[in-house]
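Below: one structure, written as C-alpha coordinates.
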Amino acid sequence: VLTGTGGEMTREIAPGGRTIPGSETISQAPVAGDDLVLTVDRSIQFATEQVLIDRVAEINARGGLIVVMDTDTGEIYANASVRRDAETGEPVVTSGNFVAVDSYEPGSVAKVITVAGALNEGVVNPDTTFEVPWRKQYYDDLLKDSHEHPTEAMTVSDILIQSSNIGTITIQEQMGRFVHHDYMTAFGLGAATELDFPGESPGILKSADELWGSERVTVAYGQGLTSTPLQMVAAINTIANDGVYVAPSLVRATVGPDGTTTEVPPSATRRVVSEQAARQTAAMMQDVVCYGTASRAAVEGLPIAGKTGTAFKAADNGTYYDENCDRIYYESFVGVYPADDPQVTVLVALDEPPAGTGDRFGGTAAAPVFADLTPTIIHELGIQPAENSVGCEG
(Lines give C-alpha, C1' and ligand atoms only; values in the text may rest on other atoms or scores of the structure.)
Protein backbone atom coordinates (compact mmCIF):
# COMPACT_ATOMS: atom_id res chain seq x y z
CA VAL A 1 0.00 0.00 0.00
CA LEU A 2 2.83 2.39 0.88
CA THR A 3 4.89 1.52 -2.17
CA GLY A 4 2.42 2.42 -4.91
CA THR A 5 3.06 1.48 -8.53
CA GLY A 6 6.20 2.20 -10.50
CA GLY A 7 6.02 3.93 -13.87
CA GLU A 8 7.58 2.90 -17.19
CA MET A 9 9.75 4.86 -19.61
CA THR A 10 11.32 3.80 -22.89
CA ARG A 11 14.35 5.45 -24.44
CA GLU A 12 16.71 4.92 -27.34
CA ILE A 13 20.36 4.27 -26.64
CA ALA A 14 23.40 4.63 -28.85
CA PRO A 15 26.17 2.08 -29.13
CA GLY A 16 28.01 2.05 -25.84
CA GLY A 17 24.79 2.42 -23.82
CA ARG A 18 24.43 6.20 -23.89
CA THR A 19 20.87 7.61 -23.97
CA ILE A 20 20.00 9.52 -27.13
CA PRO A 21 18.76 12.95 -25.97
CA GLY A 22 15.07 13.61 -26.62
CA SER A 23 14.19 9.96 -27.17
CA GLU A 24 12.55 9.33 -23.77
CA THR A 25 8.91 8.30 -23.84
CA ILE A 26 6.87 7.73 -20.69
CA SER A 27 4.48 4.88 -21.38
CA GLN A 28 3.08 4.62 -17.86
CA ALA A 29 3.13 7.31 -15.17
CA PRO A 30 4.06 6.25 -11.62
CA VAL A 31 1.30 6.17 -9.01
CA ALA A 32 2.19 7.31 -5.51
CA GLY A 33 1.38 4.96 -2.65
CA ASP A 34 -1.13 5.61 0.08
CA ASP A 35 -0.23 6.73 3.57
CA LEU A 36 -1.28 4.53 6.48
CA VAL A 37 -2.98 5.81 9.61
CA LEU A 38 -2.02 3.38 12.38
CA THR A 39 -3.97 2.53 15.51
CA VAL A 40 -0.80 2.88 17.60
CA ASP A 41 -0.90 5.68 20.16
CA ARG A 42 2.52 7.39 20.21
CA SER A 43 2.46 8.23 23.92
CA ILE A 44 1.31 4.78 25.01
CA GLN A 45 3.85 3.13 22.71
CA PHE A 46 6.70 5.21 24.15
CA ALA A 47 5.67 4.53 27.76
CA THR A 48 5.28 0.83 26.97
CA GLU A 49 8.77 0.59 25.53
CA GLN A 50 10.30 2.41 28.51
CA VAL A 51 8.70 0.27 31.24
CA LEU A 52 9.62 -2.86 29.30
CA ILE A 53 13.27 -1.84 28.88
CA ASP A 54 13.47 -1.01 32.59
CA ARG A 55 11.97 -4.35 33.67
CA VAL A 56 14.11 -6.46 31.33
CA ALA A 57 17.20 -4.71 32.71
CA GLU A 58 16.03 -4.99 36.32
CA ILE A 59 15.47 -8.76 36.34
CA ASN A 60 18.13 -9.59 33.73
CA ALA A 61 15.71 -11.24 31.32
CA ARG A 62 16.47 -12.01 27.67
CA GLY A 63 13.68 -9.74 26.47
CA GLY A 64 10.08 -8.72 26.87
CA LEU A 65 6.83 -8.09 24.98
CA ILE A 66 3.74 -5.96 25.57
CA VAL A 67 0.51 -5.59 23.60
CA VAL A 68 -2.18 -3.01 24.47
CA MET A 69 -5.51 -3.65 22.70
CA ASP A 70 -8.88 -1.88 22.62
CA THR A 71 -11.49 -4.29 23.95
CA ASP A 72 -14.32 -3.35 21.58
CA THR A 73 -12.53 -2.58 18.31
CA GLY A 74 -9.40 -4.75 18.46
CA GLU A 75 -7.24 -1.70 17.70
CA ILE A 76 -3.68 -2.05 18.99
CA TYR A 77 -2.53 1.02 20.93
CA ALA A 78 0.96 -0.30 21.67
CA ASN A 79 3.01 -3.18 20.39
CA ALA A 80 6.49 -3.38 21.94
CA SER A 81 9.28 -5.93 21.57
CA VAL A 82 12.50 -5.58 23.57
CA ARG A 83 15.61 -7.78 23.27
CA ARG A 84 19.16 -7.54 24.56
CA ASP A 85 21.59 -6.13 22.02
CA ALA A 86 23.95 -8.84 20.76
CA GLU A 87 27.03 -6.62 21.18
CA THR A 88 26.36 -4.51 24.27
CA GLY A 89 23.97 -6.81 26.13
CA GLU A 90 21.72 -3.82 26.86
CA PRO A 91 17.95 -4.21 26.39
CA VAL A 92 16.75 -2.23 23.38
CA VAL A 93 13.56 -1.82 21.38
CA THR A 94 13.84 -4.10 18.37
CA SER A 95 12.81 -3.60 14.78
CA GLY A 96 11.32 -7.09 14.85
CA ASN A 97 7.64 -7.41 15.69
CA PHE A 98 8.12 -10.45 17.93
CA VAL A 99 4.62 -9.95 19.33
CA ALA A 100 3.35 -11.36 16.03
CA VAL A 101 6.15 -13.51 14.63
CA ASP A 102 7.36 -15.46 17.69
CA SER A 103 5.28 -18.04 19.54
CA TYR A 104 5.67 -19.51 23.01
CA GLU A 105 3.96 -22.02 25.25
CA PRO A 106 1.59 -19.63 27.07
CA GLY A 107 1.29 -21.52 30.34
CA SER A 108 -1.46 -20.79 32.83
CA VAL A 109 -2.98 -17.85 30.94
CA ALA A 110 -4.54 -20.54 28.75
CA LYS A 111 -6.49 -21.84 31.78
CA VAL A 112 -8.94 -19.02 31.11
CA ILE A 113 -9.93 -20.75 27.85
CA THR A 114 -10.43 -24.10 29.59
CA VAL A 115 -12.60 -22.60 32.33
CA ALA A 116 -14.65 -20.42 29.98
CA GLY A 117 -15.27 -23.34 27.64
CA ALA A 118 -16.43 -25.61 30.46
CA LEU A 119 -18.75 -22.90 31.79
CA ASN A 120 -20.17 -22.38 28.31
CA GLU A 121 -20.77 -26.13 27.91
CA GLY A 122 -22.64 -26.15 31.21
CA VAL A 123 -20.55 -28.99 32.64
CA VAL A 124 -19.36 -26.82 35.56
CA ASN A 125 -20.28 -23.59 37.30
CA PRO A 126 -18.00 -21.36 39.40
CA ASP A 127 -18.96 -23.27 42.58
CA THR A 128 -18.56 -26.80 41.18
CA THR A 129 -16.20 -28.60 43.56
CA PHE A 130 -13.57 -31.27 42.92
CA GLU A 131 -11.11 -33.13 45.13
CA VAL A 132 -7.75 -31.95 43.84
CA PRO A 133 -4.40 -33.54 44.77
CA TRP A 134 -1.19 -31.63 44.23
CA ARG A 135 0.10 -34.24 41.77
CA LYS A 136 -1.38 -37.03 39.69
CA GLN A 137 -0.30 -39.56 37.07
CA TYR A 138 -1.47 -38.92 33.52
CA TYR A 139 -0.33 -41.42 30.91
CA ASP A 140 3.47 -41.70 31.36
CA ASP A 141 3.95 -38.47 33.31
CA LEU A 142 3.45 -37.44 36.92
CA LEU A 143 2.05 -33.92 36.62
CA LYS A 144 2.07 -31.43 39.49
CA ASP A 145 0.75 -28.14 40.77
CA SER A 146 3.28 -25.36 41.35
CA HIS A 147 3.45 -26.20 45.06
CA GLU A 148 2.72 -29.18 47.28
CA HIS A 149 -0.62 -29.19 49.09
CA PRO A 150 -2.90 -31.81 50.64
CA THR A 151 -5.71 -33.23 48.54
CA GLU A 152 -8.40 -30.63 49.03
CA ALA A 153 -11.85 -29.63 47.85
CA MET A 154 -11.48 -26.84 45.29
CA THR A 155 -14.20 -25.00 43.43
CA VAL A 156 -13.73 -23.96 39.81
CA SER A 157 -13.11 -20.45 41.14
CA ASP A 158 -10.44 -21.75 43.54
CA ILE A 159 -8.76 -23.63 40.71
CA LEU A 160 -8.42 -20.50 38.59
CA ILE A 161 -7.50 -18.22 41.50
CA GLN A 162 -4.80 -20.58 42.76
CA SER A 163 -3.85 -21.61 39.20
CA SER A 164 -4.01 -25.34 39.90
CA ASN A 165 -2.75 -27.48 37.01
CA ILE A 166 -4.40 -30.65 38.29
CA GLY A 167 -7.66 -28.83 38.93
CA THR A 168 -7.64 -27.39 35.41
CA ILE A 169 -7.11 -30.85 33.91
CA THR A 170 -10.09 -32.06 35.95
CA ILE A 171 -12.22 -29.28 34.44
CA GLN A 172 -11.03 -30.24 30.95
CA GLU A 173 -12.02 -33.85 31.61
CA GLN A 174 -15.58 -32.74 32.36
CA MET A 175 -16.10 -31.46 28.81
CA GLY A 176 -13.75 -33.84 27.00
CA ARG A 177 -10.49 -33.03 25.29
CA PHE A 178 -12.00 -32.87 21.80
CA VAL A 179 -14.52 -30.21 22.84
CA HIS A 180 -11.72 -28.39 24.68
CA HIS A 181 -9.68 -28.38 21.48
CA ASP A 182 -12.61 -26.83 19.62
CA TYR A 183 -12.64 -23.98 22.14
CA MET A 184 -8.91 -23.35 21.78
CA THR A 185 -9.47 -23.03 18.03
CA ALA A 186 -12.49 -20.76 18.51
CA PHE A 187 -10.44 -18.48 20.78
CA GLY A 188 -7.97 -18.04 17.90
CA LEU A 189 -5.15 -20.46 18.72
CA GLY A 190 -3.51 -22.45 15.94
CA ALA A 191 -4.08 -19.87 13.17
CA ALA A 192 -2.58 -16.50 12.34
CA THR A 193 -4.83 -13.57 13.21
CA GLU A 194 -6.55 -11.46 10.59
CA LEU A 195 -3.96 -8.75 11.23
CA ASP A 196 -2.05 -10.42 8.37
CA PHE A 197 1.32 -9.09 9.53
CA PRO A 198 4.21 -10.26 7.29
CA GLY A 199 5.75 -13.42 8.73
CA GLU A 200 3.07 -13.72 11.43
CA SER A 201 3.23 -17.09 13.19
CA PRO A 202 0.13 -19.28 13.52
CA GLY A 203 1.62 -20.88 16.62
CA ILE A 204 1.46 -24.62 17.13
CA LEU A 205 -1.79 -26.37 17.96
CA LYS A 206 -1.92 -30.02 17.00
CA SER A 207 -5.25 -31.57 16.16
CA ALA A 208 -6.81 -33.44 19.07
CA ASP A 209 -6.01 -36.75 17.33
CA GLU A 210 -2.30 -35.84 17.10
CA LEU A 211 -1.81 -35.03 20.78
CA TRP A 212 0.31 -37.70 22.40
CA GLY A 213 0.40 -38.94 25.99
CA SER A 214 0.22 -36.24 28.63
CA GLU A 215 0.01 -33.53 25.93
CA ARG A 216 -3.68 -34.43 25.80
CA VAL A 217 -4.14 -32.86 29.22
CA THR A 218 -1.27 -30.38 29.56
CA VAL A 219 -2.81 -28.26 26.80
CA ALA A 220 -5.55 -27.49 29.36
CA TYR A 221 -3.02 -25.38 31.28
CA GLY A 222 -1.03 -24.03 28.34
CA GLN A 223 1.80 -26.52 27.80
CA GLY A 224 2.09 -28.63 24.63
CA LEU A 225 0.95 -25.80 22.33
CA THR A 226 2.34 -22.41 21.40
CA SER A 227 0.73 -19.05 20.69
CA THR A 228 1.94 -15.59 19.80
CA PRO A 229 1.37 -12.78 22.31
CA LEU A 230 -0.95 -11.29 19.68
CA GLN A 231 -3.09 -14.45 19.60
CA MET A 232 -3.22 -14.67 23.38
CA VAL A 233 -4.19 -11.04 24.00
CA ALA A 234 -7.01 -11.44 21.45
CA ALA A 235 -8.11 -14.69 23.13
CA ILE A 236 -8.33 -13.15 26.61
CA ASN A 237 -9.93 -10.03 25.14
CA THR A 238 -12.79 -12.31 24.12
CA ILE A 239 -13.65 -12.69 27.80
CA ALA A 240 -13.50 -8.91 28.29
CA ASN A 241 -15.74 -8.43 25.24
CA ASP A 242 -18.61 -10.50 26.71
CA GLY A 243 -17.59 -13.65 24.84
CA VAL A 244 -17.15 -12.12 21.38
CA TYR A 245 -13.77 -12.50 19.67
CA VAL A 246 -12.58 -9.39 17.80
CA ALA A 247 -9.58 -9.60 15.47
CA PRO A 248 -6.63 -7.32 16.31
CA SER A 249 -5.90 -4.46 13.92
CA LEU A 250 -3.00 -2.06 13.35
CA VAL A 251 -4.30 0.12 10.50
CA ARG A 252 -7.17 2.55 11.05
CA ALA A 253 -7.28 4.19 7.61
CA THR A 254 -5.42 4.88 4.37
CA VAL A 255 -4.82 8.31 2.84
CA GLY A 256 -4.58 8.49 -0.95
CA PRO A 257 -2.28 10.76 -2.97
CA ASP A 258 -5.16 13.22 -3.36
CA GLY A 259 -5.63 13.39 0.41
CA THR A 260 -8.76 11.25 0.51
CA THR A 261 -9.01 9.27 3.73
CA THR A 262 -10.55 5.80 3.58
CA GLU A 263 -11.42 4.04 6.81
CA VAL A 264 -10.57 0.34 6.93
CA PRO A 265 -13.49 -2.04 7.59
CA PRO A 266 -14.12 -2.90 11.25
CA SER A 267 -12.34 -5.97 12.62
CA ALA A 268 -14.07 -9.28 12.10
CA THR A 269 -15.90 -10.67 15.13
CA ARG A 270 -17.45 -13.97 16.20
CA ARG A 271 -19.16 -15.21 19.32
CA VAL A 272 -17.10 -17.82 21.17
CA VAL A 273 -18.84 -18.22 24.53
CA SER A 274 -22.03 -16.84 26.01
CA GLU A 275 -22.14 -13.50 27.77
CA GLN A 276 -22.86 -15.33 31.03
CA ALA A 277 -19.84 -17.64 30.68
CA ALA A 278 -17.60 -14.68 29.83
CA ARG A 279 -18.78 -12.62 32.80
CA GLN A 280 -18.45 -15.55 35.20
CA THR A 281 -14.88 -16.08 33.98
CA ALA A 282 -14.10 -12.36 34.25
CA ALA A 283 -15.39 -12.30 37.84
CA MET A 284 -13.04 -15.15 38.73
CA MET A 285 -10.20 -13.29 37.02
CA GLN A 286 -10.87 -10.31 39.29
CA ASP A 287 -10.33 -12.61 42.24
CA VAL A 288 -7.06 -13.80 40.67
CA VAL A 289 -5.82 -10.19 40.98
CA CYS A 290 -7.24 -9.55 44.45
CA TYR A 291 -6.68 -12.91 46.14
CA GLY A 292 -4.61 -15.08 43.82
CA THR A 293 -1.39 -15.20 41.84
CA ALA A 294 -1.67 -11.71 40.32
CA SER A 295 -1.81 -9.51 43.42
CA ARG A 296 1.09 -7.38 42.15
CA ALA A 297 -1.03 -6.30 39.16
CA ALA A 298 -3.52 -4.51 41.42
CA VAL A 299 -3.98 -0.75 40.99
CA GLU A 300 -5.66 1.24 43.74
CA GLY A 301 -9.22 2.25 42.95
CA LEU A 302 -9.37 0.31 39.67
CA PRO A 303 -11.13 -3.06 39.24
CA ILE A 304 -8.86 -5.35 37.21
CA ALA A 305 -9.44 -8.87 35.89
CA GLY A 306 -6.39 -10.90 34.91
CA LYS A 307 -4.46 -14.14 34.77
CA THR A 308 -0.81 -15.00 35.23
CA GLY A 309 1.18 -17.47 33.20
CA THR A 310 4.37 -19.28 34.16
CA ALA A 311 5.51 -21.55 31.35
CA PHE A 312 8.54 -23.64 30.53
CA LYS A 313 10.25 -22.57 27.33
CA ALA A 314 11.76 -25.04 24.88
CA ALA A 315 15.50 -24.71 24.32
CA ASP A 316 17.40 -25.31 21.09
CA ASN A 317 18.42 -28.71 22.44
CA GLY A 318 14.80 -29.89 22.43
CA THR A 319 14.36 -29.81 26.22
CA TYR A 320 13.13 -27.26 28.76
CA TYR A 321 16.69 -26.89 30.14
CA ASP A 322 19.62 -24.72 29.02
CA GLU A 323 23.27 -25.74 28.78
CA ASN A 324 23.58 -25.25 32.56
CA CYS A 325 20.67 -27.64 33.17
CA ASP A 326 18.53 -24.74 34.43
CA ARG A 327 14.86 -24.44 33.51
CA ILE A 328 14.01 -21.80 30.90
CA TYR A 329 10.88 -19.76 31.59
CA TYR A 330 8.42 -17.53 29.77
CA GLU A 331 6.34 -15.42 32.15
CA SER A 332 3.22 -13.45 31.34
CA PHE A 333 0.25 -11.60 32.68
CA VAL A 334 -2.88 -10.55 30.79
CA GLY A 335 -5.14 -7.96 32.41
CA VAL A 336 -8.39 -6.18 31.57
CA TYR A 337 -9.75 -2.92 32.97
CA PRO A 338 -11.97 -1.49 34.21
CA ALA A 339 -13.24 -4.98 35.00
CA ASP A 340 -16.83 -3.75 35.38
CA ASP A 341 -16.69 -1.96 31.99
CA PRO A 342 -13.74 -3.41 30.03
CA GLN A 343 -12.04 -1.00 27.65
CA VAL A 344 -8.43 -2.19 27.39
CA THR A 345 -6.72 -5.59 27.40
CA VAL A 346 -2.97 -5.67 28.09
CA LEU A 347 -0.52 -8.55 27.80
CA VAL A 348 2.93 -8.35 29.40
CA ALA A 349 5.50 -11.10 28.87
CA LEU A 350 9.09 -11.55 30.05
CA ASP A 351 11.28 -13.89 28.03
CA GLU A 352 13.77 -16.02 29.96
CA PRO A 353 13.94 -14.40 33.39
CA PRO A 354 16.74 -16.02 35.40
CA ALA A 355 15.92 -19.40 36.94
CA GLY A 356 16.11 -19.79 40.70
CA THR A 357 14.85 -16.28 41.48
CA GLY A 358 11.55 -14.88 42.67
CA ASP A 359 11.11 -13.22 39.28
CA ARG A 360 10.51 -16.44 37.40
CA PHE A 361 6.72 -16.33 37.92
CA GLY A 362 4.16 -14.42 35.88
CA GLY A 363 2.83 -12.84 39.06
CA THR A 364 6.24 -11.48 40.08
CA ALA A 365 7.96 -10.84 36.73
CA ALA A 366 5.16 -9.55 34.48
CA ALA A 367 2.31 -8.36 36.73
CA PRO A 368 4.26 -5.40 38.23
CA VAL A 369 4.95 -4.05 34.71
CA PHE A 370 1.21 -4.07 34.06
CA ALA A 371 0.59 -2.09 37.25
CA ASP A 372 3.32 0.44 36.36
CA LEU A 373 1.96 1.00 32.84
CA THR A 374 -1.74 1.20 33.72
CA PRO A 375 -1.85 4.85 34.95
CA THR A 376 -0.35 6.07 31.66
CA ILE A 377 -2.88 4.15 29.57
CA ILE A 378 -5.78 5.40 31.69
CA HIS A 379 -4.57 9.00 31.32
CA GLU A 380 -3.90 8.86 27.58
CA LEU A 381 -7.21 7.16 26.73
CA GLY A 382 -9.24 9.17 29.21
CA ILE A 383 -10.64 6.06 30.88
CA GLN A 384 -13.02 6.95 33.68
CA PRO A 385 -14.03 4.08 35.99
CA ALA A 386 -17.64 4.14 37.13
CA GLU A 387 -18.35 6.16 40.30
CA ASN A 388 -18.91 3.04 42.38
CA SER A 389 -15.91 1.18 40.96
CA VAL A 390 -13.42 -0.10 43.48
CA GLY A 391 -10.23 -2.08 43.28
CA CYS A 392 -9.12 -4.91 45.52
CA GLU A 393 -9.19 -2.59 48.54
CA GLY A 394 -13.00 -2.47 48.22
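Computation of the quantities below employed the complete heavy-atom set of this structure, encompassing side-chain atoms and omitting hydrogens, waters and symmetry-equivalent molecules. Treat the numbers as computed from the prediction; the structure is a model and nothing was measured.
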Tell me whether [Y] is reachable from [X] by hopping between hydrophobic residues (I, L, V, M, F, W, Y) whose side-chain heavy atoms are closer than 4.5 Å.
X: V344; Y: L65; result: no
X: M232; Y: V115; result: yes
X: V99; Y: V101; result: yes
X: L302; Y: M69; result: no
X: L347; Y: I239; result: yes

Under a 3.5 Å distance rule, please check whether [X] uses its side chain to pair with a backbone N or O of [Y] as donor and acceptor.
X: Q286; Y: A305; value: no
X: N120; Y: V273; value: no
X: S389; Y: P385; value: no
X: S249; Y: V251; value: no
X: S81; Y: N97; value: no
X: S201; Y: G203; value: yes
X: Q174; Y: I171; value: no
X: R84; Y: A61; value: yes
X: T193; Y: A247; value: no
X: E200; Y: F197; value: yes

Side-chain ion pair, [X] and [Y], N-O less than 4.0 Å:
X: E75; Y: R252; result: yes
X: R279; Y: D242; result: yes
X: R55; Y: D372; result: no

For this session: Could you give me the CA-CA distance, side-chain angles and deciding distance for K313 and Y104, then say whether side-chain contact (heavy atoms from CB on, under 4.5 Å) is met?
Result: CA-CA 7 Å; K313 181 181 173 183; Y104 308 81; 4.3 Å; yes

For this session: Please lay out, stage by stage, how K111 and L160 fare under the test side-chain contact (heavy atoms from CB on, under 4.5 Å).
Result: CA-CA 7 Å; K111 291 173 181 174; L160 193 63; 4.1 Å; yes

Taking the side chain as C-beta and beyond, is there a heavy-atom pair between [X] and [Y] under 4.5 Å?
X: D35; Y: T254; value: no
X: I377; Y: V346; value: yes
X: V156; Y: N125; value: no
X: L225; Y: K206; value: no
X: F333; Y: V369; value: no
X: T168; Y: T170; value: no
X: T151; Y: W134; value: no

Exercise. Are T310 and E331 close enough, and set up right, to give a side chain to side chain donor-acceptor pair (under 3.5 Å), and what steps lead you there?
Worked result: CA-CA 5 Å; T310 301; E331 317 301 350; 3.3 Å; yes

Problem set entry | F98 six-ring centre to R83 NZ/CZ under 6.0 Å and within 45° of normal | yes

[X] atom [atom1]: more than 12 heavy-atom contacts under 6.0 Å:
X: R271; atom1: CZ; result: yes
X: D140; atom1: CG; result: no
X: Q137; atom1: CD; result: yes
X: Y139; atom1: OH; result: yes
X: R270; atom1: CZ; result: yes
X: Q28; atom1: CD; result: yes
X: F46; atom1: CZ; result: no

For this session: Among V219, V217, T218, find the one that has a side-chain contact (heavy atoms from CB on, under 4.5 Å) with Y221.
Result: T218

Problem set entry | Option among L119, D182, V123, V124 that satisfies the side-chain contact (heavy atoms from CB on, under 4.5 Å) test with M175 | V123

Taking atom types as modelled and ignoring hydrogens, do the side chains of [X] and [Y] form a donor-acceptor contact shorter than 3.5 angstrom?
X: T293; Y: S163; result: no
X: T260; Y: D258; result: yes
X: N241; Y: T238; result: no
X: H180; Y: T114; result: yes

Exercise. Out of T39, D70, T48, which residue meets the side chain to side chain donor-acceptor pair (under 3.5 Å) rule with Y77?
Worked result: D70

Exercise. Please walk me through it: do S108 and N165 pass side-chain contact (heavy atoms from CB on, under 4.5 Å)?
Worked result: CA-CA 8 Å; S108 294; N165 296 336; 4.2 Å; yes

For this session: Please lay out, stage by stage, how F370 and V289 fare under the test side-chain contact (heavy atoms from CB on, under 4.5 Å).
Result: CA-CA 12 Å; F370 173 92; V289 175; over 6 Å; no

For this session: Would you check, one step at a time, whether the test side chain to side chain donor-acceptor pair (under 3.5 Å) holds for D145 with S164?
Result: CA-CA 6 Å; D145 280 349; S164 167; 3.0 Å; yes

Problem set entry | Parallel, tilted or perpendicular: ring planes of F312 versus Y329, cut at 30 and 60 degrees | tilted

